[in-house]
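Comments concern the structure below.
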Amino acid sequence: MKEAFELNAQQRAAATWEGGHVLVLAGAGTGKTRTIIARAAHLMTSGVDPARILLLTFTRRAAREMVQRLTQLTGQEKIPLMAGTFHHFCLYTMRRMPRDFGVQDATVIDRDDQVQLMKLVRGGYRKKGEQLPRASELVSLCSYARNTNQPVSEYLQQHTDFDEETIEKIRLMARDYERRKRLNRYLDYDDILFLFARRLHEDEALKSRIKGFYDHILVDEMQDTNPLQWLILDALRDPARLFCVGDDAQSIYAFRGADFRNVHAFTERVPDATVLRLEENYRSTQGILDLSNWLLDTSPLQYGKRLTAVRRTVSKPRLLDFENDFEEARWITGDLIERHEGGAAWSDHMIITRTGYGARSLESFMVEKKIPYRFIGGVSLLQAAHVKDLLGLIRACFNLRDELAWARYLTLWPRIGDATAARLIKELKTLYDIQDALKMLEKRLKGRRDVLEGITTVVETWNDPPATIMKAGHYLEPTLKTRYSNWKNRRRDFDLLARLAKRHRSLMAFLETYTLDPVSVTESQRLEEDDVVTLTTVHGAKGTEATVCYLIRVEPGMYPHMRSLGREDDEEEERRILYVAMTRARDELILTRSLRWGGARRSPYAASVTPDRQREAYFFRELDDDLVDSNYVYPEFDDFTDFDFIVPSRN
DNA sequence: GAAGCGTTATACTAT
DNA sequence: ATAACGCTTC
């Protein structure tokens, strides 16, 4: 094996550490990924069987990338190392040990399904005119409590303003939600971690067996792990050694229960652990780091972090002001085209947005100017309405108790609404297999061959995922055509889906993969293309970098986002979000904004959070002029051609 | 009583 | 773009 790529002294010390547990504190751009890969390579050269190394990353994308780089580095074709997210690892292990966990034929549900299911539960609790949190908020609250491993009621009492009566109601709804999931044989994201962690902690023998699988556990993005994930790591360590890498200044998932005590309290929890640091930034120019350092310095918290560039180039970030978000989008797309014509690859450019919604005008310009891009964090392919219709049919055939899938499929047909569907679903839940279900539906829906034929179509092609999708899609076409006005565009997504399914042996495995690792519509369209611009949310940009980064809509109300205002911890997280965004850039960081409205417009929060309040909290309110090159970009003359009449002059 | 239709509110981050 | 809601029709 070739010796690992070049490492500096600190990186090498971490990668070749021979002692016990390690926490590596690694600032942005200090070669965190490189060090983890070098660590894995080092372990392999030292004779560790790669199958005994567990690599836990934050996204599946990160895992794929690391394994790919490790493959290149070691020159081996296939490395049998387990690499993936906590969720993947836990589910994989539970499926591999069916007798110990009993979740083998469960359906993994996404956020949308969680909310749908909660709606059904909530409906049973709401008396007319009564105020209850919306289903989506209930799901967030329950999910947060579970990820931080505390009872819902306790969490609500300590951290929210709900009155006792409402808290009790939410507690009961949370309980019913859990029951309903079990009855439907559903696993939501939280169940995957929770069930795994619970079994490890209640069954010593099982814990020992699973512990025996690994000697080394490498954890990326430790600052964004939550208490449930810590319980898992804690159960698996000793004799396995932990190698956790993180940066508290880049913690941006507190809303999901991430707890940076997993970093701060590491040495208390693991007394024999060593803390190592990576401090030299290889990614960015000093100008980009100066602005990033300044941002952390304005915090009341002490991050104790000052990034210093190894690179010599300085290049200050640019801060460009526009008349409005259309001018901003027009300029960025124009700049991209100019750079591309000048020989730069599309893929050298990344556009970073705080919210998916905030990038809408930009996206329309990208489409209009035909710039190839993929949107990380855009609407997931599996969540598009017509795709959910199709998957409803497929899922229903696989899991008779999947009530959301049945409801979706059955109500697709004329004269079948919520009430009829609910009656049928109740009966379906008492049956054992799809043949019984067909018999029952035949009896109940006399003369409705349309509804039944869809099911037989799926059952007949069950072992050929792309064929099932194409046949089912073809079958539903006449019905869906009447429901969606832009059917032609939507129809294409079925082909995309079939193409994606080709790589999978079973339909449910295929769906599960994309439920745990959602692909946006634009991503799936660009499967074979490498040279595309990346458009991403800040959260999606975590762990990545690009030569040129455009950070759009850096406006009051956006940084910090107005929804965070008034809650100190949330506002502080917004600072880290901006920090993460800025530190993605290698050579050029271009910040753009429009100050015309003095804050976000036409949003329900704009009414409760005044523009003044948004400006007051704005991170760039008192920006040091020396840190950026600022410009106001005037609209081009040609752009004023919208008038189709002449305003007469007065003289 | 259930289905279907038109109008209106809503939009932060995501495994 | 989609879900929720209220109202009309079957």
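Each chain gets a letter, A, B and so on, in the order the sequences are listed, and its residues count up from 1. This structure is a prediction, so every number in the text was calculated from the model and none was measured.
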Proximal nucleotide (of [options]) relative to the [X] side chain:
X	options	answer
Tyr357(A)	dA11(B), dA3(B), dT15(B)	dA11(B)
Arg256(A)	dA3(B), dT13(B), dT15(B)	dT15(B)
Ala385(A)	dT2(C), dC12(B), dA14(B)	dT2(C)
Ala419(A)	dT13(B), dA2(B), dA11(B)	dA2(B)

Can you find a donor-acceptor pair, distance only, under 3.5 Å between Arg415(A) side chain and dA3(B) base?
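Counting by modelled atom types and ignoring angles, no donor-acceptor contact under 3.5 Å is found here.
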Once you apply a heavy-atom cut-off of 4.0 Å, does [X] come out as touching a base, just sugar-phosphate, or nothing?
X	value
Gly358(A)	nothing
Asp517(A)	nothing
Leu193(A)	nothing
Arg490(A)	sugar-phosphate
Phe86(A)	nothing
Arg111(A)	base

Using 4.0 Å as the upper bound for N to carboxylate O, is an ion pair formed by Lys443(A) and Glu427(A)?
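Between Lys443(A) and Glu427(A) there is no salt bridge, as every charged N stays at least 4.0 Å from the carboxylate O atoms.
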Strictly below 4.0 Å, N to O, side chains only: are Arg575(A) and Glu571(A) in salt-bridge contact?
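No, this pair does not count.
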OP1 or OP2 of dA2(B) sitting under 4.0 Å from any side-chain N/O of Arg423(A)?
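For dA2(B), OP1/OP2 do have a side-chain N/O of Arg423(A) under 4.0 Å.
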State whether Thr537(A) places a side-chain N or O below 4.0 Å from either non-bridging phosphate oxygen (OP1 or OP2) of dA14(B).
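It does, given that an N or O in the side chain of Thr537(A) lies less than 4.0 Å from OP1 or OP2 of dA14(B).
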Separation of [N] [atom2] from [X] [atom1] (nearest whole Å):
X	N	atom1	atom2	answer
Gln223(A)	dT13(B)	CD	P	20 Å
Ile352(A)	dC12(B)	CD1	C1'	16 Å
Leu424(A)	dA2(B)	CG	P	13 Å
Lys388(A)	dA3(C)	NZ	C1'	10 Å
Tyr514(A)	dT15(B)	OH	C1'	16 Å
Trp413(A)	dA3(B)	CH2	C1'	17 Å
Asp224(A)	dT13(B)	CG	P	16 Å
Gln614(A)	dC12(B)	CD	P	13 Å

What do the steps show when you test Glu477(A) against Phe494(A) for side chain to side chain contact (heavy atoms under 4.5 Å, CB included), and what is the final call?
CA-CA 10 Å; Glu477(A) 186 155 6; Phe494(A) 289 175; over 6 Å; no
Could you give the distance from SG (Cys142(A)) to OH (Tyr155(A)), rounded to the nearest 0.5 Å?
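One gets 10.0 Å once the value is rounded to the nearest 0.5 Å.
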Between Tyr186(A) and Asp402(A): side-chain donor-acceptor atoms closer than 3.5 Å:
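Judged by distance alone, the side chains do pair up.
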Under 5.5 Å between ring centres and under 30° between planes: does that hold for Phe255(A) against the base of dC12(B)?
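So Phe255(A) does not count as stacking on the base.
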Non-hydrogen atoms of Ile416(A) and Ala421(A) that approach each other most closely:
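Closest approach of Ile416(A) to Ala421(A), heavy atoms only: CG2-N, 4.3 Å.
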Let me spell it out: for each of Asn486(A) and Arg134(A), pick the nucleotide of DNA chain C with the closest heavy atom. Which residue's pick is nearer the 5' end?
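That would be Asn486(A).
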Name the residue closer to the 5' end of DNA chain B, choosing between Gly417(A) and Ser140(A) according to the nucleotide with the nearest heavy atom.
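Its nearest nucleotide being more 5', the pick is Gly417(A).
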